[in-house]
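Below you'll find the structure, written out as structure tokens, and then a few comments.
These figures come from a predicted structure and were not determined experimentally.
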2 protein chains.
Amino acid sequence: MATRTTSSPDTSAHLLEIFKALANPVRLQVLQWLRDPEANFPVHHGIADPHEVGVCVSHIQDKLGLAQSTVSSYMATLERAGLVISTRVGKWTHYRRDEERIARFTAELGDVL
Amino acid sequence: MATRTTSSPDTSAHLLEIFKALANPVRLQVLQWLRDPEANFPVHHGIADPHEVGVCVSHIQDKLGLAQSTVSSYMATLERAGLVISTRVGKWTHYRRDEERIARFTAELGDVL
DNA sequence: ATATCATATCGATACTCTTCGAATCATCGA
DNA sequence: TCGATGATTCGAAGAGTATCGATATGATAT
């Protein structure tokens, strides 16, 4: 039985926010990289597996080659859209995909689009 | 047997173009209105059913209350993204959803996102 | 406490998008 | 062919986004 843990009505405004977040090549790329953290990022300093906590901002920044402030702001945008979840472990902020909400988005998109 | 008529590989660039087209409240709204032309727009002057040809720009413009040039440009954006199809009947340009491509987009989004 | 490291926020600048009105193009009817 | 009507294209003003460097916050270790 798949109980819906996270609840949020996916309003039209929120739908728009998701599309805006995805309408940028860098953010879209990062989201896709995060599908397979081990394949796309170096392992983090002894921290548990990346599927748990995610990938820290510095690694994403290294791979993108953009300013740190830029990356931070992009990740915040993705988080506001509900596409990623941030977890702070010590001084590192890790981001991982919110698979549940992404799945719900792609699944229900046909009904609302 | 569902044969794929329209072929286009849905490249990452095209995916981005779709998201950009959808990342605007007006364009998103029009696309949703076009799901049910009869319910959302007045019937056009004797022309066949709106599912065939679609809705003409003037009707969309009336409903939106934006300048005609603006509406025209929005519809062109939606068309470039492959979300609508335009059909010229006399002096009227009609737009309807490209249901096949929209369906493919929503169906395959889970794989690519 | 303080120095240091990872992130986040702020302020500026360049670029893109939104939206308009005016000019142009296309089609129909007289 | 001419004038009217619908649509597209063009050029401009304002709003929003991308991106940076500088500064601020939060955490760790000394």
Between atom [atom1] of [X] and atom [atom2] of [Y], what is the distance when rounded to the nearest 0.5 Å?
| X | Y | atom1 | atom2 | value |
| --- | --- | --- | --- | --- |
| B:Leu28 | A:Lys20 | CG | NZ | 10.5 Å |
| B:Phe105 | B:His14 | CZ | NE2 | 9.0 Å |
| B:His94 | B:His59 | NE2 | NE2 | 8.5 Å |
| B:Asn24 | B:Leu31 | CG | CG | 11.5 Å |

Counting only side-chain N and O atoms of [X], is one of them less than 4.0 Å from OP1 or OP2 of [N]?
| X | N | value |
| --- | --- | --- |
| A:Thr93 | C:dA8 | yes |
| B:Ser58 | D:dA7 | yes |
| A:Tyr95 | C:dA6 | no |

Nucleotide [N], atom [atom2] - distance to [atom1] of [X] in whole Å:
| X | N | atom1 | atom2 | answer |
| --- | --- | --- | --- | --- |
| A:Leu16 | C:dC17 | CG | P | 15 Å |
| B:Leu66 | D:dA7 | CG | P | 15 Å |
| A:Gln61 | C:dT7 | CD | P | 8 Å |
| B:Leu64 | C:dC20 | CG | P | 10 Å |
| A:Glu79 | C:dT7 | CD | P | 14 Å |
| B:Leu78 | D:dT8 | CG | P | 12 Å |
| A:Ile60 | C:dA8 | CD1 | C1' | 14 Å |
| A:His59 | C:dC5 | NE2 | P | 15 Å |

Those residues that, when tested against A:Arg97, pass side-chain hydrogen bond (donor to acceptor under 3.5 Å, both in side chains) (two or more places apart) = A:Glu99

For residues 75-91 of chain B, dump all side-chain donor-acceptor pairs below 3.5 Å to protein atoms at least two apart in sequence or in another chain.
residue : atom : partner : partner atom : Å
B:Thr77 : OG1  : B:Ser73 : O            : 3.0
B:Thr77 : OG1  : B:Arg80 : NH2          : 3.3
B:Glu79 : OE2  : B:Ser86 : N            : 3.3
B:Glu79 : OE2  : B:Ser86 : OG           : 2.8
B:Thr87 : OG1  : B:Arg96 : NH1          : 2.9
B:Arg88 : NE   : B:Gly90 : O            : 3.4

Just by protein heavy atoms under 4.0 Å, how would nucleotides 22-28 of chain C read 5' to 3' in B, S and -?
-> B----SS

What residues form a side chain to side chain contact (heavy atoms under 4.5 Å, CB included) with A:Gln68, not counting sequence neighbours?
-> A:Gln61, A:Ser72

With A:Ala67, which residues qualify under side chain to side chain contact (heavy atoms under 4.5 Å, CB included), at least two apart?
-> A:Ser69, A:Thr70

Under 3.5 Å donor-acceptor, A:Lys63 side chain and A:Asn40 backbone = yes

Atom pairs, protein N/O to nucleotides 16-18 of chain D N/O, distance under 3.5 Å:
residue : atom : partner : partner atom : Å
D:dA18  : OP1  : A:Asn24 : ND2          : 2.7
D:dA18  : OP1  : A:Arg27 : NH2          : 3.4
D:dA18  : OP2  : A:Arg27 : NH1          : 3.2

